[in-house]
Amino acid sequence: MQQFEIFDTHAHYDDHAFDEDREALIGSLKAAGVGRVVNIGSTVASCAECLALAERYDFIYAAIGVHPSETAELTEERFETLREQCLDPKCVAVGEIGLDYYWPEPSAEIQKKWFIRQLQLARELKKPVVIHSRDACRDTLEILRGEHAEELGGVIHCYSYSAETAREYLDLGFFFGIGGVLTFKNGRKLKETVELLPMDRIVIETDSPYLAPVPNRGKRNDSRNLAYVVRELAAMKGISEEEVRRVTWENACRLYGLEK
Ligand code: NI
């Protein structure tokens with residue numbers, strides 16, 4: 001048995017892809033060396049499911065927030081529900097929140113409004129943030145700086161921008177969520193970023209059920225597949241897999257304010 005376990009910092013086990021075997025799968029994670037998982041909210045309804053999972057399993061924690069592509073459903077009333085959900089003792093972060101301009105809807109105005117509101121909620125509740133940003137690099141940085149996100153701390157989940165831009169996110173003190181894309185043949189841009197990232201800023205994540213690493217690319221992802229990401233990181237950084245598990249575990253605990 002390996003000494004250090006895997007911390008999956010970003011998963012969606014509430015997703016319908018897990019409806020048929022959720023219980024069996026989650027029940028198998030610990031034996032497979034997965035010690036902790038943060039299940040990430042994306043809609044108002046999914047946040048309730050995140051908390052239910054976190055209540056049921058001691059090693060699962062929750063992040064509460066509405067994904068940028070889902071922000072059209074937010075109202076002041078639903079925002080109040082989010083605030084109450086964030087008060088749950090197993091809620092470790094606000095997220096995933098951010099900007100996604102890949103899809104035309106909802107409008108940038110709507111996305112920005114609720115991104116800022118959720119950052120302010122994180123500040124009020126003293127929680128770190130889980131950031132989703134796609135095709136919106138400049139606007140995301142501008143809002144994070146404007147809201148002094150460096151005082152909140154957090155993670156850029158599934159980082160997809162250039163190695164140069166990574167320095168700007170590093171300056172904000174953020175962690176980088178690294179997952180299956182690192183193993184993809186077309187993952188060169190991410191490899192360039194990871195080469196310049198110090199190990200103390202890297203956490204690992206699946207985004208399950210999405211983005212399964214090679215050799216399971218295209219299949220449903222789950223936290224056990226992080227072993228392939230650990231292997232790739234170890235090879236790239238010239239350290240042992242054990243060291244990758246240890247450092248990313250400690251980073252994840254720092255990110256989410258959990259005991260080691
Ligand atoms: Ni996600």
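We use all heavy atoms of the structure for the numbers below, so side chains are in, but hydrogens, waters and symmetry mates are not.
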Asks: Which pairs, with at least one residue in residues 168-181 and sequence neighbours excluded, count as a salt bridge (Lys or Arg N to Asp or Glu O under 4.0 Å)?
Replies: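 Pairs touching residues 168-181 that pass the test: R138-E168, R145-E168.
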Asks: Distance from S208 atom OG to I40 atom CD1, nearest 0.5 Å?
Replies: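 Here the rounded value is 11.0 Å.
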Asks: Which heavy atom in A212 sits nearest to a heavy atom in K219, and how many Å separate them?
Replies: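 Closest pair (atom of A212, atom of K219, distance): CB-O, 3.5 Å.
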Asks: Kindly indicate whether the side chain of L190, heavy atoms from C-beta on, has any atom under 4.5 Å from the side chain of I178.
Replies: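 Side-chain contact under 4.5 Å: yes.
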Asks: Using side-chain heavy atoms (C-beta onward) and a distance below 4.5 Å, is L74 in contact with L82?
Replies: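 Sidechains of L82 and L74: in contact.
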Asks: Q118 side chain to V66 main-chain N or O, any donor-acceptor pair under 3.5 Å?
Replies: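 Checked: pair present.
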Asks: When clusters are formed by joining ILVMFWY residues with side-chain heavy atoms under 4.5 Å apart, either directly or through shared neighbours, do Y228 and I6 land in the same one?
Replies: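 No: no chain of side-chain contacts under 4.5 Å links Y228 to I6.
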Asks: In sequence, state the C-alpha distance, the side-chain angles, and the governing distance for I97 and V130, and then conclude on side chain to side chain contact (heavy atoms under 4.5 Å, CB included).
Replies: CA-CA 6 Å; I97 62 174; V130 178; over 6 Å; no
Asks: Can you confirm whether the side chains of Y161 and S133 place a donor and an acceptor under 3.5 Å from each other?
Replies: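 Looking only at side-chain atoms, S133 and Y161 do form a donor-acceptor pair, the distance falling under 3.5 Å.
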Asks: So, do L51 and I64 sit near enough that their side-chain heavy atoms are less than 4.5 Å apart?
Replies: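 They are in contact (side-chain heavy atoms under 4.5 Å apart), so the answer is yes.
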Asks: Please determine whether the number of non-hydrogen atoms from other residues, nucleotides or ligands lying under 6.0 Å from atom CD of E73 exceeds 12.
Replies: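 More than 12 within 6.0 Å, yes.
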Asks: With A52, which residues qualify under side-chain contact (heavy atoms from CB on, under 4.5 Å), at least two apart?
Replies: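 side-chain contact (heavy atoms from CB on, under 4.5 Å) check on A52 returns nothing, list empty.
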Asks: List for me each residue that meets salt bridge (Lys or Arg N to Asp or Glu O under 4.0 Å) alongside R78, sequence neighbours excluded, and say none if there are none.
Replies: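 By the salt bridge (Lys or Arg N to Asp or Glu O under 4.0 Å) rule, R78 matches no residue at all.
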Asks: Answer yes if V247 and I202 sit in the same cluster of Ile, Leu, Val, Met, Phe, Trp and Tyr residues linked by side chain heavy atoms under 4.5 Å apart, and no otherwise.
Replies: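 Yes, V247 and I202 fall within the same hydrophobic cluster.
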Asks: Between L170 and L144, is there shared hydrophobic-cluster membership here, with clusters defined by ILVMFWY side-chain heavy atoms closer than 4.5 Å?
Replies: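 L170 clusters together with L144.
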Asks: Rest of the hydrophobic cluster containing W103 (Ile/Leu/Val/Met/Phe/Trp/Tyr, side-chain heavy atoms under 4.5 Å)?
Replies: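 Taking Ile, Leu, Val, Met, Phe, Trp and Tyr as members, W103 shares its hydrophobic cluster with Y102.
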Asks: Do L125 and V92 sit in one hydrophobic cluster, given that two such residues count as connected whenever their side-chain heavy atoms are within less than 4.5 Å of each other, even indirectly?
Replies: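 No, L125 and V92 fall in different hydrophobic clusters.
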Asks: For a quick test of reading the model, state the closest non-hydrogen atom pair linking N225 to R220 and the distance between them.
Replies: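 Closest approach of N225 to R220, heavy atoms only: ND2-O, 4.3 Å.
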Asks: Yes or no on side chain to side chain contact (heavy atoms under 4.5 Å, CB included) for F175 and D200, after CA distance, side-chain angles and deciding distance?
Replies: CA-CA 8 Å; F175 289 95; D200 66 359; over 6 Å; no
Asks: Output yes when a side-chain donor or acceptor of K189 lies under 3.5 Å from a complementary backbone atom of A163, and no otherwise.
Replies: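 The answer is no, because no donor-acceptor pair under 3.5 Å joins these two groups.
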Asks: Got a sec, which residues hit salt bridge (Lys or Arg N to Asp or Glu O under 4.0 Å) with K90, two or more places apart in sequence or on another chain?
Replies: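 Partners of K90 under the salt bridge (Lys or Arg N to Asp or Glu O under 4.0 Å) test: none.
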Asks: Of all residues at least two apart in sequence or in a different chain, which pass the side-chain contact (heavy atoms from CB on, under 4.5 Å) check with R83?
Replies: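 R83 satisfies side-chain contact (heavy atoms from CB on, under 4.5 Å) with F79, E80, L121, E124 once adjacent residues are dropped.
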Asks: Show me the pairs that pass side-chain hydrogen bond (donor to acceptor under 3.5 Å, both in side chains) and involve residues 247-260, at least two apart or across chains.
Replies: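 Pairs touching residues 247-260 that pass the test: R246-E250, N251-R254.
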Asks: Are the side chains of K127 and L152 in contact, using a 4.5 Å heavy-atom criterion?
Replies: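 SC-SC contact between L152 and K127 ruled out.
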Asks: Quick one, D14 and C50 - any side-chain contact, counting heavy atoms below 4.5 Å?
Replies: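 The answer is yes; the side chains approach within 4.5 Å.
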Asks: Assess whether a salt bridge exists between K237 and E232, defined as any Lys/Arg side-chain N lying under 4.0 Å from an Asp/Glu carboxylate O.
Replies: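 Looking at E232 together with K237, the answer is no, because their closest N to O distance does not fall below 4.0 Å.
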Asks: Enter the distance from D8:CG to D222:CG here, rounded to the nearest 0.5 Å.
Replies: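 Interatomic distance, D8 CG to D222 CG, rounded to 0.5 Å: 9.0 Å.
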Asks: With sequence neighbours excluded, what pairs up with H12 under the ring pair (Phe, Tyr, Trp, His ring centres under 6.0 Å) test?
Replies: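 H12 satisfies ring pair (Phe, Tyr, Trp, His ring centres under 6.0 Å) with H10 once adjacent residues are dropped.
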Asks: Nearest heavy-atom pair of Y13 and L29: which atoms, and what distance?
Replies: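 For Y13 versus L29, the nearest heavy atoms are OH-CD1, 3.9 Å.
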Asks: Out of curiosity, E55 CD to I60 CD1, how far, rounded to the nearest 0.5 Å?
Replies: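 Interatomic distance, E55 CD to I60 CD1, rounded to 0.5 Å: 12.5 Å.
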Asks: In terms of side-chain geometry, is the basic nitrogen of R36 or D58 positioned less than 4.0 Å from the acidic oxygen of its partner?
Replies: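 So R36 does not pair with D58 through a salt bridge.
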Asks: Is the shortest side-chain heavy-atom distance between F176 and C158 below 4.5 Å?
Replies: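 Side chain of F176 against side chain of C158, heavy atoms only: no contact under 4.5 Å found.
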Asks: Side-chain contact, heavy-atom cut-off 4.5 Å: I131 with V155?
Replies: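 No, side chains not in contact.
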Asks: Test your reading of the model: is there a side-chain donor-acceptor pair from R217 to the backbone of T183, 3.5 Å cut-off?
Replies: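 Side chain of R217 to backbone of T183: no pair is present.
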Asks: With sequence neighbours excluded, give me every ring pair (Phe, Tyr, Trp, His ring centres under 6.0 Å) pair touching residues 24-68.
Replies: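 Residue pairs passing ring pair (Phe, Tyr, Trp, His ring centres under 6.0 Å), neighbours aside: H67-H132.
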Asks: Which heavy atom in C91 sits nearest to a heavy atom in Q85, and how many Å separate them?
Replies: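 Minimum heavy-atom separation between C91 and Q85: CB-O, 4.0 Å.
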Asks: V38 and T9: which non-hydrogen atoms are nearest, and at how many Å?
Replies: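 Shortest heavy-atom separation between V38 and T9 comes out as CB-O, 3.7 Å.
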Asks: Can you name the residues that form a side chain to side chain donor-acceptor pair (under 3.5 Å) with E192, not counting sequence neighbours?
Replies: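 In terms of side chain to side chain donor-acceptor pair (under 3.5 Å), with neighbours along the sequence ignored, E192 is linked to R188.
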Asks: Using side-chain contact (heavy atoms from CB on, under 4.5 Å) as the criterion, point out the one residue from L258, V203, L226, V37 that pairs with F7.
Replies: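 Per the side-chain contact (heavy atoms from CB on, under 4.5 Å) rule, the option paired with F7 is L258, out of L258, V203, L226, V37.
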Asks: Run the ring pair (Phe, Tyr, Trp, His ring centres under 6.0 Å) test against Y101 and tell me which residues pass, sequence neighbours left out.
Replies: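 Partners of Y101 by the ring pair (Phe, Tyr, Trp, His ring centres under 6.0 Å) criterion come out as none, since no residue qualifies.
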Asks: Under a 3.5 Å threshold, yes or no: a donor from one side chain and an acceptor from the other, between N216 and N221?
Replies: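 The criterion, which ignores hydrogens and geometry beyond distance, is not satisfied for N221 and N216.
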Asks: Check L211 against T206 and note the closest heavy-atom contact, atom names and distance.
Replies: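 Scanning both residues completely, I find the closest heavy atoms to be CB-O, 4.0 Å.
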Asks: Restricting to ring pair (Phe, Tyr, Trp, His ring centres under 6.0 Å), what partner residues turn up for F174, sequence neighbours left out?
Replies: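 Scan of F174 (ring pair (Phe, Tyr, Trp, His ring centres under 6.0 Å), adjacent residues dropped) gives none.
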